[in-house]
Protein chains: 2
Amino acid sequence: MTELEKGPKGRRRGRGARERILSASQQLFREQGINRTGMDQLCAAAQVSKRTAYQHFTGKDELVAEYLRRFDPSVLSGVFDRTDLTPRERLLAAFDIPPDTPLCPYIGAAVELHDPQHPASQYARDYKKAVAARLADTAREAGAADPEQLGEQLALLIDGAAARTRVLNADAFPTAAAIAAVLIDNAIPTTAGDHRRREEVPS
Amino acid sequence: MTELEKGPKGRRRGRGARERILSASQQLFREQGINRTGMDQLCAAAQVSKRTAYQHFTGKDELVAEYLRRFDPSVLSGVFDRTDLTPRERLLAAFDIPPDTPLCPYIGAAVELHDPQHPASQYARDYKKAVAARLADTAREAGAADPEQLGEQLALLIDGAAARTRVLNADAFPTAAAIAAVLIDNAIPTTAGDHRRREEVPS
DNA sequence: TGTTATGTACACCGATCTGTGTGCTTACCG
DNA sequence: CGGTAAGCACACAGATCGGTGTACATAACA
């Protein structure tokens with residue numbers, strides 16, 4: 001009561017204001033977009049006074065950059081660290097996305113901010129490159145002929161699915177997954193089986 | 001002089017204010033984005049008084065929708081109406097984009113407006129569907145096994161290239177074109193000449 | 001000539017936005 | 001206890017936004 005619940009005034013601090021601000025950002029920026037989410041609304045949602053928010057972040061720009069920096073775990077690592085899958089399956093698993101996922105915030109940020117020099121835009125670039133690199137690593141692990149190329153191609157498919165889902169309001173990831181399957185089959189030379197869908201991998 | 005050049009006051013009307021407004025929209029909305037371009041700036045660039053702008057368009061929303069509606073000719077028809085190319089070549093030509101093209105305004109609008117009900121968002125959807133349909137038509141003309149699927153796949157590649165180009169600030173269309181070539185080769189059974197290795201599907 | 005569109009120039013409204021300034025309140029810690 | 005850090009409530013500044021109101025100027029047409 002004294003710790004998590006608020007007294008009507010004074011220090012509230014249930015697990016840090018900063019956390020609540022970033023948590024609210026995750027929700028509001030994705031739901032409404034960055035530009036359409038004002039600091040007033042955001043602070044209200046985070047149950048944080050505006051004054052406090054500006055003591056944790058020098059401005060909205062920094063907040064946005066920090067907000068973007070908190071995404072890897074769920075999307076990136078969540079896919080690549082699954083040791084129960086073969087490299088090949090891991091590549092395809094990148095397209096298995098829960099159908100309600102609001103949609104790649106990096107593209108949204110790059111479009112909304114519209115300034116390639118903005119820290120968030122720079123981080124979005126870095127992130128996209130990192131994803132392509134991890135895909136390339138996995139492709140190499142899977143024995144692809146040209147891992148870098150395959151990684152870049154799969155990254156493009158993911159972005160295409162994200163953008164198209166956003167514009168059409170309909171899930172485009174199955175289509176992207178189908179293309180990915182073709183590309184992977186074409187790029188990985190042998191591996192016992194063949195092209196088409198191959199159920200399991202021996203080891 | 002009396003017609004095109006302006007007297008310091010009064011009616012200017014060199015080829016219609018509406019045209020100048022839309023023309024300025026094309027430039028500013030693409031350069032700066034929609035939300036970051038105010039009506040004041042836009043009217044100044046169009047050399048049109050703000051009052052006049054609001055007599056031609058009921059509001060910015062309508063202007064944005066109209067702005068989007070003026071893009072087909074250059075992109076869509078420009079590719080599909082080329083009778084000097086085979087259907088196959090036409091499919092690939094969709095990825096031949098002048099390297100400086102600012103980038104698909106439909107995706108930008110859908111992200112910036114962030115409201116699927118916005119007239120511009122609806123038109124963006126219609127347009128994307130139309131492109132996929134024309135790609136499917138061409139794919140059918142080229143003899144693809146599943147034209148709708150190929151059309152949807154190629155459309156996704158285009159969107160992926162657009163989005164990725166935007167985020168990474170580097171041309172992603174060559175990568176998309178490479179994927180397209182693979183998909184087309186896989187989907188079109190015969191077609192005399194070819195590159196890649198295609199030993200399968202005799203008929 | 002006068003009328004009617006069409007347009008200009010410019011001030012202005014209300015809303016909203018990022019960001020501050022100020023004073024008060026509470027928790028923690030020595 | 002007293003001090004300090006963290007936070008709150010709230011008003012407010014300054015800018016910008018979409019959109020109007022008003023009075024005036026010009027071109028085309030009768």
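One can place CZ of A/R20 at 15 Å from P of D/dA6, the figure rounded to the nearest angstrom. Rounded to whole angstrom, the span from the CD atom of A/Q47 across to the C1' atom of D/dA9 amounts to 15 Å. For B/F57 and D/dG18, the CZ to C1' distance is 15 Å, given to the nearest whole Å.
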Practice item. Determine, for nucleotides 12-22 of chain C in 5'-to-3' order, which nucleotides have protein heavy atoms under 4.0 Å from the base (write B), from only the sugar-phosphate (write S), or from neither (write -). Key: ------BBBBB
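Taking the side chain as every heavy atom from C-beta outward, A/F57 and A/L22 approach each other to under 4.5 Å. Proximity of A/C104 to A/K128: side-chain heavy atoms (C-beta onward) are separated by under 4.5 Å at one or more points.
For the pair A/E141 and A/R90, the salt-bridge criterion is met [side-chain N within less than 4.0 Å of a carboxylate O].
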**Study point:** Worked verdict on A/Q41 versus A/T37 for side-chain hydrogen bond (donor to acceptor under 3.5 Å, both in side chains)
**Key:** CA-CA 7 Å; A/Q41 183 192 0; A/T37 301; 4.7 Å; no
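Among B/R134, B/K129, B/R140, the one residue that satisfies the salt bridge (Lys or Arg N to Asp or Glu O under 4.0 Å) test with B/E148 is B/R140.
No side-chain donor from either of A/T175 and B/E152 sits under 3.5 Å from a side-chain acceptor of the other.
Applying the 4.0 Å criterion to OP1 and OP2 of C/dT6, one finds that B/H56 has every side-chain N and O outside that range. Taking 4.0 angstrom as the limit, B/T52 places a side-chain polar atom (N or O) nearer than this to OP1 or OP2 of C/dT8.
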